[in-house]
Undergrad: 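Quick one: this structure, given as structure tokens, is what I'll be asking you about.
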Amino acid sequence: MKYSIPGSAAFSGKRIAVLGLGVSGRACVAALLSVTEAVVSVWDAKESAVSAYLDDPQIDMAISAAKPEVLMQMLLGWQPEIVIIAPGFAQLGYEWTVLREAGLPVWSEIELAWQLRAVAEDQTYAPWLCVTGTNGKTTTTSMLAAILRAAGCGTVATGNIGEPLITQAIRTDADAPQAFAIELSSFQLAATYSMSPAASVCLNFADDHLEWHGNREQYWQAKAKVYEHVQTACLYPVGEQQVQQMVDAADVADGARAVGLVIGTPSVGEFGLVDDIIVDRAFCRNRFASAQELFTLADIAHLAPQDAPLPLHLLKDAIAAAALARAVGIAPDFIRQALRDFTLGRHRIEHLGEFAQMRWIDDSKATNAHAAKSAIMAQPDGKVIWIAGGVAKGANFAELAAAVKDRVFHTIVIGTDQEPWESVLSKNEIPYTLIPDGQEPMKDAVQAALELAQPGAVVLLAPACASFDQFSSYADRGEKFQAAVRAISASALAELPHRDGMQLQEDA
């Protein structure tokens with residue numbers, strides 16, 4: 001099959017500034033240079049980021065300046081018509097403010113990808129299936145990509161994970177994806193306007209990234225963009241009021257439907273659970289009188305942590321992925337087989353084994369309160385030694401602490417800003433240990449957990465925070481946790497004393 005990029009003609013001669021040269025910024029530059037005749041400039045605070053473009057004859061200007069005021073003054077002086085902005089620049093930050101005041105269009109990589117997406121010779125575009133939410137995006141998108149691959153669509157997970165979407169969207173080779181599984185962050189959605197997915201889902205909504213957006217309303221508005229211009233189906237978890245409001249407010253294409261996701265018997269137009277079978281009553285042939293079986297709980301039972309039940313949020317993620325696939329006509333057999341073969345990514349409820357008669361679990365990817373709550377609530381009452389803390393991103397942890405206090409035996413707080421944790425843990429009478437900021441905070445946290453060792457306990461890394469105060473990424477944080485756990489020797493464990501007066505409650 002042959003492909004072309006009809007949108008490229010609109011960029012001929014246009015002055016496009018790429019602001020921020022991280023992974024997505026570099027991918028945007030590469031796409032613009034390879035498939036358009038735009039006049040391209042690149043801008044970054046770091047000289048090292050710009051240096052690769054200084055001698056490139058295709059780049060009209062390459063500028064670095066550590067001071068934002070200087071960088072933006074020079075950028076505006078170049079007189080761009082469009083600015084492609086990196087997600088690292090906050091919506092309430094100086095750069096966005098300057099561009100808004102100048103009246104310049106500010107695009108995300110996602111917006112550029114939509115404008116430059118390839119079309120097949122029969123004039124059909126590969127459908128976009130989009131996933132956002134405060135928690136569960138990566139797992140759901142990865143499940144969806146696995147389903148689409150099983151169906152022969154040549155899909156990889158992209159967007160906020162994997163290779164940049166722009167790189168995949170402009171492919172014109174014979175193996176170009178026939179459908180896209182796209183994870184979208186609120187950062188990306190904030191500067192995305194014309195995207196028209198085949199189907200989208202917002203898995204959940206809770207406070208996160210408020211320091212980036214400025215307030216809860218702006219964060220909500222960004223997430224809600226995932227439903228704008230949807231062509232076939234707006235999928236939503238029934239009962240999630242904030243998400244249902246997004247669907248109600250969305251300006252969608254004619255014929256697009258709202259499709260509910262439930263944990264229980266589905267009504268017409270919903271996906272849900274009948275006994276241990278996940279069924280489709282939205283896209284099946286006779287949804288008013290019957291349901292189409294998609295997969296069973298047994299098909300995803302292997303995703304549960306060792307010796308523990310399947311966490312509810314993983315079931316929800318699987319239902320959402322299946323529903324997105326069904327929105328573009330993927331057959332149930334592909335869904336079932338892909339989920340049977342699916343494995344969770346690293347640092348997502350990753351069971352590390354048992355040491356000192358305790359289970360050790362790495363959920364470093366729980367970077368917000370919603371994700372941390374899901375991880376903790378999947379554990380036994382009163383038996384969690386919880387490692388939390390990091391960059392709060394403007395979140396308040398009062399609701400989280402109140403929700404998990406019956407599950408948590410003791411909290412170990414890492415991170416450079418621990419005051420918010422002290423207040424909420426004290427208020428909820430959750431014992432805690434503060435780990436001073438040092439060279440090896442995770443090693444110190446693991447040692448503190450060992451000193452609390454009690455038979456049957458679970459040591460859970462679920463920080464509810466971003467990692468970049470002490471680590472390079474959530475993956476780096478998880479790797480350091482795993483390395484510290486691996487470093488435990490059998491002889492050291494045998495010598496550990498057990499503290500008096502720290503008995504755990506029995507399982508409820």
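The residues of the chain are indexed from 1 along the displayed sequence.
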Undergrad: Do the non-hydrogen side-chain atoms of L303 and M143 ever get within less than 4.5 Å of each other?
TA: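 Result yes, sub-4.5 Å side-chain heavy-atom pair found.
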Undergrad: Is I361 close to Q379 at the side-chain level, that is, under 4.5 Å between some pair of heavy atoms?
TA: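 The answer is yes; the side chains approach within 4.5 Å.
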Undergrad: Between CG of L165 and CD of E111, what distance do you get to the nearest 0.5 Å?
TA: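 Rounded to the nearest 0.5 Å, the CG-CD separation comes to 11.0 Å.
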Undergrad: Is the backbone N or O of K223 less than 3.5 Å from a side-chain atom of T132, with the two atoms forming a donor-acceptor pair by type?
TA: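 No; zero donor-acceptor contacts below 3.5 Å.
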Undergrad: Nearest 0.5 Å, what's the CD1-CZ distance between I385 and R359?
TA: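 That separation rounds to 12.0 Å.
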Undergrad: Under the rule for side-chain hydrogen bond (donor to acceptor under 3.5 Å, both in side chains), what residues qualify as partners of D122, not counting sequence neighbours?
TA: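 T124.
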Undergrad: For C202 versus P237, what's the shortest heavy-atom pair and its separation?
TA: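 Shortest heavy-atom separation between C202 and P237 comes out as O-CD, 3.3 Å.
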Undergrad: Any side-chain to backbone donor/acceptor pair from S423 onto P420? Under 3.5 Å, distance only.
TA: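 The answer is yes, because a donor-acceptor pair under 3.5 Å joins these two groups.
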Undergrad: Go through the structure and list residues passing side-chain contact (heavy atoms from CB on, under 4.5 Å) with P177, not counting sequence neighbours.
TA: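 For P177, the residues satisfying side-chain contact (heavy atoms from CB on, under 4.5 Å) (neighbours in sequence not counted) are Q168, R171, F180.
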Undergrad: Measure from the side-chain N and O atoms of H302 to the backbone N and O of T343, and report whether any donor-acceptor pair falls under 3.5 Å.
TA: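 Answer holds: no.
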Undergrad: OG of S186 to CD of Q91: how many Å apart, nearest 0.5 Å?
TA: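 So the gap between those two atoms works out to 8.5 Å.
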Undergrad: Shortest non-hydrogen contact from A169 to W128?
TA: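 Residues A169 and W128, closest heavy atoms: CB-CZ2, 4.4 Å.
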Undergrad: Spell out, as yes or no, whether a donor-acceptor pair under 3.5 Å connects the side chain of R477 to the backbone of P463.
TA: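 No, R477 side chain to P463 backbone: no donor-acceptor pair under 3.5 Å.
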Undergrad: Quick one: side-chain contact (heavy atoms from CB on, under 4.5 Å) partners of T411, sequence neighbours excluded?
TA: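 side-chain contact (heavy atoms from CB on, under 4.5 Å) check on T411 returns W386, A388, V408, V413, L425, I430, Y432.
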Undergrad: Do V201 and L261 make a side-chain contact, defined as non-hydrogen atoms from C-beta onward lying under 4.5 Å apart?
TA: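 Answer yes - side chains close enough.
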Undergrad: Would you mind listing every salt bridge (charged side-chain N to carboxylate O under 4.0 Å, His left out) that reaches into residues 421-433, with sequence neighbours excluded?
TA: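 As it turns out, there is no salt bridge (charged side-chain N to carboxylate O under 4.0 Å, His left out) pair with a partner in residues 421-433 once direct neighbours are skipped.
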Undergrad: Among residues at least two apart in sequence or on other chains, which ones pass side-chain contact (heavy atoms from CB on, under 4.5 Å) with P164?
TA: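 Partners of P164 under the side-chain contact (heavy atoms from CB on, under 4.5 Å) test: V23, A27, E109, I166, T167.
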Undergrad: For H347, which residues count as a side-chain hydrogen bond (donor to acceptor under 3.5 Å, both in side chains) partner, sequence neighbours excluded?
TA: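 So H347 forms a side-chain hydrogen bond (donor to acceptor under 3.5 Å, both in side chains) with D362, E479.
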Undergrad: Quick one, I278 and L315 - any side-chain contact, counting heavy atoms below 4.5 Å?
TA: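 I278 vs L315: side chains touch.
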Undergrad: Where do D363 and R348 land on the side-chain contact (heavy atoms from CB on, under 4.5 Å) test, with the steps shown first?
TA: CA-CA 5 Å; D363 199 8; R348 187 48 147 174; 3.1 Å; yes
Undergrad: Test: side chain to side chain donor-acceptor pair (under 3.5 Å). Region: residues 264-282. Which pairs qualify, not counting sequence neighbours?
TA: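 Passing the test, one end in residues 264-282: D280-R326.
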Undergrad: Taking side chain as C-beta onward, heavy atoms only, is Q482 less than 4.5 Å from R346?
TA: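 Yes; the side chains approach each other to less than 4.5 Å.
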Undergrad: Quick one: side chain to side chain donor-acceptor pair (under 3.5 Å) pairs with a partner in residues 140-152, sequence neighbours left out?
TA: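 Pairs touching residues 140-152 that pass the test: T140-D317.
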Undergrad: With a cut-off of 3.5 Å and sequence neighbours excluded, list every side-chain donor-acceptor pair involving residues 239-255.
TA:
residue : atom : partner : partner atom : Å
Q242    : OE1  : W220    : NE1          : 3.2
Q244    : OE1  : G239    : N            : 2.7

Undergrad: Say you draw a straight line from CG of L203 to CG of L235; how long is it, rounded to the nearest 0.5 Å?
TA: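 Reported to 0.5 Å precision, the distance equals 9.5 Å.
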Undergrad: Locate the shortest heavy-atom distance separating V230 from A233; write the atom from each residue and the value.
TA: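 Here V230 and A233 meet closest at CG1-O, 3.3 Å.
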Undergrad: Taking the side chain as everything from C-beta on, heavy atoms only, tell me whether N160 gets closer than 4.5 Å to F187.
TA: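 The answer is no; the side chains never approach within 4.5 Å.
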Undergrad: Say you draw a straight line from CG of D417 to SG of C465; how long is it, rounded to the nearest 0.5 Å?
TA: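 SG of C465 is found 8.5 Å from CG of D417.
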Undergrad: Would W360 and V446 count as a side-chain contact (heavy atoms from CB on, under 4.5 Å) if you check the C-alpha gap in whole Å, the side-chain angles of each, and the deciding distance to 0.1 Å?
TA: CA-CA 10 Å; W360 298 74; V446 167; 3.9 Å; yes
Undergrad: For residues 284-296, which side-chain N or O atoms pair as donor and acceptor with protein atoms under 3.5 Å away, sequence neighbours left out?
TA:
residue : atom : partner : partner atom : Å
S290    : OG   : N286    : O            : 2.9
T296    : OG1  : A298    : N            : 3.3
T296    : OG1  : D299    : N            : 3.3
T296    : OG1  : D299    : OD2          : 3.3

Undergrad: Got a sec, which residues hit side-chain hydrogen bond (donor to acceptor under 3.5 Å, both in side chains) with Q337, two or more places apart in sequence or on another chain?
TA: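 By the side-chain hydrogen bond (donor to acceptor under 3.5 Å, both in side chains) rule, Q337 matches D341.
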Undergrad: List the atom of A325, the atom of L144, and the distance in Å for their closest heavy-atom pair.
TA: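 Taking A325 first and L144 second, the nearest heavy atoms are N-CD1, 3.9 Å.
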Undergrad: Quick one: sort the F271 and F283 rings into parallel, tilted or perpendicular, breaks at 30° and 60°.
TA: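 Tilted: the ring planes of F271 and F283 meet at 30° to 60°.
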Undergrad: Within the side chain of S200, is there an N or O that forms a donor-acceptor pair under 3.5 Å with the backbone of Y227?
TA: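 Side chain of S200 to backbone of Y227: no pair is present.
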Undergrad: For A445, which residues count as a side-chain contact (heavy atoms from CB on, under 4.5 Å) partner, sequence neighbours excluded?
TA: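 For A445, the residues satisfying side-chain contact (heavy atoms from CB on, under 4.5 Å) (neighbours in sequence not counted) are I387, I412, I414, I435, M442.
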Undergrad: Do S364 side-chain atoms and A475 backbone N/O form a donor-acceptor pair below 3.5 Å?
TA: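 Pair absent, no side-chain N/O of S364 close to backbone of A475.
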Undergrad: Hey, mind stepping through N428 and V404 against side-chain contact (heavy atoms from CB on, under 4.5 Å) and telling me if it holds?
TA: CA-CA 9 Å; N428 287 278; V404 303; over 6 Å; no
Undergrad: If you measure from CG on L189 to CD1 on I110, what distance do you get to the nearest 0.5 Å?
TA: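 Taking CG in L189 and CD1 in I110, the distance rounds to 8.0 Å.
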Undergrad: Side-chain contact test, heavy atoms from C-beta onward, threshold under 4.5 Å: evaluate it for V328 versus T232 and give yes or no.
TA: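 No - every pair of side-chain heavy atoms lies 4.5 Å or more apart.
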Undergrad: For V424 and L400: C-alpha separation, side-chain torsions, deciding distance, then whether side-chain contact (heavy atoms from CB on, under 4.5 Å) applies.
TA: CA-CA 9 Å; V424 299; L400 171 61; over 6 Å; no
Undergrad: Looking at side-chain heavy atoms only, is the closest gap between V274 and P266 below 4.5 Å?
TA: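 Yes. Closest side-chain heavy atoms under 4.5 Å.
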Undergrad: Which heavy-atom pair separates A464 from A372 by the least distance, and what is that distance?
TA: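 Nearest pair, atom of A464 first, then A372: CB-CB, 3.6 Å.
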Undergrad: Work out which heavy atom in S196 is nearest to a heavy atom in W114; give both atom names and the distance.
TA: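 Heavy atoms only, the tightest pair is O-CH2, 3.2 Å.
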Undergrad: Checking E183 side chain against V131 main chain: does a donor-acceptor pair fall under 3.5 Å?
TA: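 Side chain of E183 to backbone of V131, a donor-acceptor pair under 3.5 Å: no, none is there.
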Undergrad: Classify the side-chain pair T192/K225 by whether it contains a donor and acceptor separated by less than 3.5 Å.
TA: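 Judged by distance alone, the side chains do not pair up.
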